[in-house]
Amino acid sequence: MIKNALQHQENWQRMWRNPKPKAHYDFIVVGGGGHGLATAYYLAKVHNQSSVAVIEKGWLGGGNTGRNTTIVRSNYLWDEAAHLYEHAMKLWEGLSQDLNYNVMFSQRGVMNLGHNLQDMRDIERRVNANRLNGIDGEVLDAQQCKEIVPIMDCSGSTRYPVLGASWQPRAGVARHDAVAWGYARGADQLGVDIIQQCEVTDILIEDGAAVGVDTRQHGQIKAGRIGCVAAGNSGVLAGMAGFELPIESHPLQAFVSEPIKPILDTVVMSNAVHGYMSQSDKGDLVIGAGIDGYVGYGQRGSYPVIEHTVHAIMELFPIVSRVRMNRQWGGIVDTTPDACPILSATPVENLFFNCGWGTGGFKATPGSGHVFADLLAKGKPNKLAEAFTMFRFYDGALIDEHGAAGVAH
Ligand code: FAD
Ligand code: PYC
């Protein structure tokens with residue numbers, strides 16, 4: 001972590017201005033993760049807004065953006081979610097060119113395994129729904145899974161036998177910190193002020209409207225509109241503005257092995273066994289777990305969850321039984337009751353929230369920023385955003401994506 005921070009500081013000095021905050025901006029984005037930086041970038045690039053600040057309490061990408069396992073896919077069940085994530089997928093496909101920064105987007109395919117008849121029925125339903133929405137997807141049987149991933153035990157004699165999978169060929173992985181840095185550099189070049197090491201401690205409200213933020217390091221900064229993009233800390237920011245969000249913050253953990261020669265050239269996920277695995281360009285096996293069941297802000301989780309995931313991965317891939325674990329870490333994810341995000345106006349005028357991406361927001365980064373910038377610039381949601389209002393939790397129009405979440409909740 002310290003090495004990362006120093007490396008980050010070096011990158012910062014090399015690549016970006018380090019501006020002093022102004023007294024007033026047209027737009028303040030709270031949170032310098034991928035989603036916040038993408039929001040600022042598209043505000044400047046698409047909406048020609050030049051008075052924009054991103055305020056980050058730590059360093060850029062030091063939250064979930066730099067802690068995730070980088071899986072990108074758009075195979076969600078319901079139309080609203082599928083359209084939003086596919087919008088992101090299309091932006092991913094041109095992102096390195098757009099930012100002139102290599103985000104190492106690698107469309108190596110993602111396999112979501114089925115281990116019983118009901119899993120397979122759900123997979124068929126989801127793949128059919130995806131195809132009707134113009135999203136690529138196939139249903140694989142166990143033999144086809146084995147052909148794509150020879151190291152996987154598809155013998156049928158495991159505790160959770162592999163019966164088949166959904167397969168999205170256009171899905172894959174990207175380099176998470178490059179995404180944060182690419183958006184930051186792009187936004188900076190378009191005049192966005194990126195202010196790090198500056199914690200928002202209060203939302204300033206006058207006559208029911210947000211007018212700025214108070215910060216620990218630079219005092220008050222006024223703004224026309226404020227977008228909070230603070231992932232696991234969103235509930236804390238909502239509290240500052242005097243309302244509650246239907247969000248629970250949970251630890252989510254992952255770990256990497258020592259680097260080894262290539263053994264896996266795709267991504268395999270299993271919601272049922274609580275584990276998933278890919279291999280990075282460096283050779284590390286990148287392995288993730290289900291969420292820790294308790295609520296917390298600690299950016300770390302508990303050992304039983306890791307042990308459980310190690311068992312699951314060894315059962316699926318017996319070849320890894322003698323590989324050593326190199327590093328293990330956790331982030332705080334913001335889960336909503338329907339496992340879908342919030343892109344929304346709030347009860348406070350001029351205050352907007354982008355949060356609730358839970359275990360699956362990395363893949364959404366470009367789409368989330370693009371859509372949220374539009375919401376901030378225009379003050380009202382576009383077609384892609386409108387279903388993700390926070391007020392759906394009052395009127396009941398939920399979009400349940402637990403089945404497609406890919407990670408055990
Ligand atoms: P963050 O990157 O967390 O950014 C929020 C920022 O807000 C932070 O930098 C934080 O410091 C800042 N902040 C908070 N409070 C304040 C304040 N008061 N003042 C100023 N700044 C503040 N998703 C996928 O799609 N695929 C995956 O493979 C995947 N794997 C994951 C694995 C793990 C272990 C974890 C933890 C998450 C994973 N996710 C994955 C989820 C994904 O990482 C997140 O949904 C996504 O990164 C959220 O991005 P963000 O920019 O909203 O949040
Ligand atoms: O949503 O695809 C996903 C994911 C993978 C790992 C964590 N989340």
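Atoms within a ligand are numbered from 1 in the order they appear, just like the ligands themselves.
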For Asn233, the ligand 1 atoms with a heavy-atom partner under 4.0 Å come out as 14 (C), 15 (N)
* Compute the ring centroids of Phe27 and Phe352, then answer whether they are less than 6.0 Å apart. => no
Contact between Ala254 and ligand 2, counting heavy atoms under 4.0 Å? no
Distance-only polar pair, side chains of Asn75 and Asn130, donor-acceptor under 3.5 Å: no
Heavy-atom proximity to atom 6 (C) of ligand 1, picking from Gln196, His250, Gln299, Glu56, points to Glu56
Out of Val213, Val200, Val54, the nearest non-hydrogen contact to atom 17 (C) of ligand 1 is supplied by Val200
In terms of its nearest heavy atom to atom 53 (O) of ligand 1, the top option of Gly33, Gly32, Ala231 is Ala231
Output yes when the distance from some N or O of ligand 2 to some N or O of Thr69 is under 3.5 Å, and no in every other case. no
Polar atom proximity, Thr359 to ligand 2 (N or O, under 3.5 Å): yes
### Query
Is the closest heavy atom of Gly288 to ligand 1 under 4.0 Å?
no
One finds that the ligand 1 atoms under 4.0 Å from a non-hydrogen atom of Asn68 are 29 (C), 30 (N), 31 (C), 32 (C), 33 (C), 37 (C), 38 (C), 39 (N), 40 (C), 43 (O)
Filtering Arg67, His35, Gln328 for the heavy atom nearest atom 51 (O) of ligand 1 leaves His35
Ligand 1 atoms nearer than 4.0 angstrom to some heavy atom of Gly31 are 6 (C), 7 (O), 12 (C)
When distances are taken from atom 5 (C) of ligand 2, the protein heavy atom at minimum range is Met269 CE, 3.3 Å
inquiry  = Is the distance between the ring centroids of Trp357 and Phe388 under 6.0 Å?
reply    = no
